[in-house]
**Student:** 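Let me begin by handing over the structure; questions about it come next.
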Amino acid sequence: MRRFAETAEAVAGTSSKNEKIRILAAYLQSLPLEDAATAAVFFTGRPFPRSEEAVAAVGGSLLWQAVAALSGAPPDRMAETYRQHGDLGEAAAELLARRRPGPGLSLAQTAAGLRRLARERTQSGKLGVLTDLLAADSPVVAKYLIKILTGELRIGLKESLVEEAVAAAFGRAPDDVRRAHMLTGDIAETLRLAAAGALSSARLRLLRPVGFMLAGAAETAADLAAAFPGGAFIEDKYDGIRAQAHKHGDTVKLFSRTLDELVEFPELFDPLASLPGEWVLDGEIVAWRNDRPLPFTELQQRLGRKEADLFLPLEIPVRFIAFDILYRDSELLLDSPLERRRRILEALLAEAPAGVDLAPLAHARGREAFQREFEAALARGNEGIMAKSPRSPYIPGRRGRYWLKLKRPMATLDVVVTAVEYGHGKRRGLLSDYTFAVRDGDRFRNIGKAYSGLTDEEIRRLTGHFLEHTLEDEGFRKIVEPSVVLEVAFNAIQRSTRHDSGYALRFPRIVRLRPDKAPAEVDTLERVERLYRSQGWS
Ligand code: AMP
């Protein structure tokens, strides 16, 4: 692991992408195959390959406890060190700097230790395994173990660069590696295929999710007209939960945008299973009543419930609205243009049962047509429109310009909570005031604070969550692990020195929780800057 950590430090030490790729490729090349596969997984900031179901389930507070136990540092020094670094791994390296390094960990031992951590069911069991792991090697290794466990290395190494390094290490074309990785969803397996010269044998596996194609943002209908001069397909932007449906034999599974299995909508399985053949569909699960979509907050009540509730599906009925198809009966459709995929989807859904719908499609060209479609979508109770290039391939896991979303006029930002405070009056004893941040490269920058918009029940639930995910307790205020994503509305964006983003939101209010979004997917500082400029104040 020491060479892993040294390589990671070297990658962090250069801002040149090519240099990062070169360093990583040389390291991967120098390792025995299985070690290279393990290292590649770690370099994507994951303890396990994405296709595995294992999760370490180690939160910030457990990591903090382990570092506290090993370093013996008093709480105020721990807090101060964390404040200086703003990163748990970096803080740990400093706090553990005076410890004598342990005997050392190999990549294989680390992988085994992480699996043990995932198998431990109790917090105290996990703490024991974790402390042993962190003590087993040097402070720099502990730093990277923590970074792997928190899911982010923060060394400026996006997954796409790991793919390029694998390509360079084994003399393969980066596009072939990317494609194999997209299909297998597993960088270790992809690396093995690259080593064996067998990248073209990678196949999509039914019942294993592939990344979702994501949309870029447009601010106005004029932006859409400019982006699609030849016109575009238009669908409504549904305010529901994005879902990928797979059918293999008679089995149907649904996956969320975070590639987790969605089990909360069992009534969709039979209708989906009745569609002929084997396929992978992309669509949105929407709550629906009397021919109108219901607000997301209604749908949200169906999330996170492990036990089936007989009445809930009746109270909050849902539909799967399909808008894309990635695979049908042994044919992979990712490279087919959207117009062909759409025809295949229409044929498949020609006799769709109740509960499964085909997303209606329109065409628009020119600003006025886009504007008309946008207003019509809002009038139907949807969030806006999606404009899609008819000739575009399906590119999993990437946010591109082939799809652009135009949302309802009031801009909202998806942000992540970074600090919380206790409320007053009725909310005394509840962590109800949230400081939130947007993304800036691989850091989060605070941009505002809000205390209204959530229900009492949500606040109570979040209070428990934040208590378990506190990184630093400042008494009245707790710095928390960035894990809760909120959608916030506001009246304007101002320049401000109050927060480290350099901006502040005016009259921010929480629109809703976004449990379907990962912190890494929140809006960027760049979008904030664009919105700020579009206000015409600067
Ligand atoms: P946002 O969540 O605001 O970043 O918007 C992107 C999300 O819009 C996607 O992840 C989908 O869940 C959702 N969406 C709604 N309707 C569509 C559609 N017709 N095509 C693609 N994505 C859609």
Side-chain angles (χ1 to χ4, degrees), residues 1-12 14 17-56 89 105-115 117-118 137 140-141 143-202 205 208 210-211 259 396-398 442 520:
M1 277 305 281
R2 279 194 207 166
R3 279 198 55 223
F4 175 92
E6 279 161 20
T7 308
E9 296 277 277
V11 168
T14 169
K17 275 190 191 160
N18 288 338
E19 190 55 16
K20 286 179 195 279
I21 293 169
R22 197 195 58 73
I23 295 168
L24 184 51
Y27 170 64
L28 293 176
Q29 217 168 24
S30 74
L31 294 171
L33 186 62
E34 274 318 297
D35 282 349
T38 303
V41 173
F42 292 167
F43 271 113
T44 59
R46 292 169 201 277
F48 312 109
R50 195 163 52 193
S51 60
E52 274 185 35
E53 284 182 10
V55 275
L105 272 177
S106 67
L107 283 156
Q109 284 166 332
T110 308
L114 292 169
R115 290 218 155 74
L117 203 52
D137 208 310
V140 203
V141 169
K143 164 164 111 181
Y144 282 100
L145 285 173
I146 290 178
K147 283 171 175 268
I148 290 167
L149 284 166
T150 49
E152 265 184 307
L153 296 187
R154 296 193 178 166
I155 55 173
L157 193 69
K158 285 195 302 221
E159 205 164 81
S160 58
L161 296 189
V162 181
E163 290 168 347
E164 291 205 36
V166 170
F170 299 99
R172 311 288 171 210
D175 277 347
D176 293 350
V177 173
R178 203 168 299 133
R179 187 181 174 76
H181 186 204
M182 174 179 96
L183 294 173
T184 59
D186 183 331
I187 194 77
E189 196 177 326
T190 306
L191 182 141
R192 287 185 204 107
L193 291 175
L199 287 167
S200 61
S201 70
R205 303 227 186 123
R208 266 211 208 170
V210 285
L259 309 185
R398 299 281 141 88
D442 46 22

**Student:** Report yes or no: does Q29 contribute a side-chain atom to a donor-acceptor pair with the main-chain N or O of A169 at less than 3.5 Å?
**Tutor:**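 It does hold such a pair.
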**Student:** Under 3.5 Å, is there a donor-acceptor pair between the side chain of R208 and the main chain of T184?
**Tutor:**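 Present.
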**Student:** Within the structure provided, determine whether V177 and F170 are in side-chain contact (heavy-atom separation under 4.5 Å).
**Tutor:**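 Counting from C-beta outward, V177 and F170 never come under 4.5 Å.
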**Student:** Within the structure provided, determine whether T38 and T110 are in side-chain contact (heavy-atom separation under 4.5 Å).
**Tutor:**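 Side-chain contact under 4.5 Å: no.
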**Student:** For the CG atom of L183 and the CG atom of D186, what is their distance to the nearest 0.5 Å?
**Tutor:**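 Rounded to the nearest 0.5 Å, the CG-CG separation comes to 12.0 Å.
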**Student:** Please find the pair of heavy atoms, one from A40 and one from L191, that lie closest to each other, and give the distance.
**Tutor:**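 Closest approach of A40 to L191, heavy atoms only: CB-CD1, 3.9 Å.
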**Student:** Is the backbone N or O of K158 less than 3.5 Å from a side-chain atom of K20, with the two atoms forming a donor-acceptor pair by type?
**Tutor:**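 Between the backbone of K158 and the side chain of K20 there is no qualifying donor-acceptor contact (under 3.5 Å).
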**Student:** Do L145 and L105 come close enough that some side-chain heavy atom pair is under 4.5 Å?
**Tutor:**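 With C-beta onward as the side chain, the pair touches.
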**Student:** Look at the side chain of T14 and the backbone N and O of V11, then say whether any donor-acceptor pair between them is shorter than 3.5 Å.
**Tutor:**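 It does not hold such a pair.
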**Student:** If we only count heavy atoms from C-beta on, is the D137 to Y144 side-chain gap below 4.5 Å?
**Tutor:**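 Not touching, per the 4.5 Å side-chain cut-off.
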**Student:** Which atoms form the tightest heavy-atom contact between V55 and A118, and what is the distance?
**Tutor:**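 In this case the closest contact between V55 and A118 is O-CB, 3.3 Å.
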**Student:** Which atom names give the shortest non-hydrogen contact between L114 and P47, and what distance separates them?
**Tutor:**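 Here L114 and P47 meet closest at CD1-CB, 4.0 Å.
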**Student:** If every non-hydrogen atom of A188 is compared with every non-hydrogen atom of V41, which pair is closest and at what distance?
**Tutor:**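 Looking at all heavy atoms of both residues, the closest pair is CB-CG2, 3.7 Å.
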**Student:** Kindly indicate whether the side chain of L157, heavy atoms from C-beta on, has any atom under 4.5 Å from the side chain of L24.
**Tutor:**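 Yes, close enough: below the 4.5 Å cut-off.
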**Student:** What I want to find out is whether E19 reaches R22 closely enough, with some N-O distance under 4.0 Å, to be called a salt bridge.
**Tutor:**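 Salt bridge: yes.
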**Student:** Look up atom CD1 in I148 and atom CE in M1, then write down how far apart they are to the nearest 0.5 Å.
**Tutor:**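 I148 atom CD1 to M1 atom CE measures 4.5 Å (nearest 0.5 Å).
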**Student:** Between V166 and H181, is there a side-chain heavy-atom distance shorter than 4.5 Å?
**Tutor:**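 Answer no - side chains too far apart.
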**Student:** Does any non-hydrogen side-chain atom of R179 lie less than 4.5 Å from one of L199?
**Tutor:**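 A side-chain contact under 4.5 Å is absent here.
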**Student:** How long is the straight-line distance from CG of L161 back to CG of N18, given to the nearest 0.5 Å?
**Tutor:**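 Reported value, rounded in 0.5 Å steps: 9.0 Å.
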**Student:** Please determine whether side-chain contact (heavy atoms from CB on, under 4.5 Å) holds for the pair I187 and R46, giving the CA-CA distance in whole Å, both sets of side-chain angles, and the decisive distance to 0.1 Å.
**Tutor:** CA-CA 10 Å; I187 194 77; R46 292 169 201 277; over 6 Å; no
**Student:** When you compare the side chain of V140 with that of R2, does any pair of heavy atoms fall below 4.5 Å?
**Tutor:**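 They are not in contact (no side-chain heavy atoms under 4.5 Å apart), so the answer is no.
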**Student:** Take E9 and E6 through the side-chain contact (heavy atoms from CB on, under 4.5 Å) test and state the conclusion after the steps.
**Tutor:** CA-CA 5 Å; E9 296 277 277; E6 279 161 20; 5.6 Å; no
**Student:** Out of curiosity, I23 CD1 to L28 CG, how far, rounded to the nearest 0.5 Å?
**Tutor:**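 Between atom CD1 of I23 and atom CG of L28 there are 12.0 Å.
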**Student:** Shortest non-hydrogen contact from D442 to G156?
**Tutor:**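 Looks like OD2-N, 3.3 Å.
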**Student:** Before giving the answer on side-chain contact (heavy atoms from CB on, under 4.5 Å), spell out for F43 and I155 the whole-Å C-alpha distance, their side-chain angles and the decisive distance to 0.1 Å.
**Tutor:** CA-CA 9 Å; F43 271 113; I155 55 173; 4.2 Å; yes
**Student:** Could you tell me which non-hydrogen atom of R192 sits nearest to which non-hydrogen atom of A37, and how far apart they are?
**Tutor:**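 What the structure gives for the nearest pair is NH2-CB, 4.1 Å.
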**Student:** With rounding to the nearest 0.5 Å, note down the distance linking CG in D175 to CD in E163.
**Tutor:**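 So the CG of D175 and the CD of E163 are separated by 9.5 Å.
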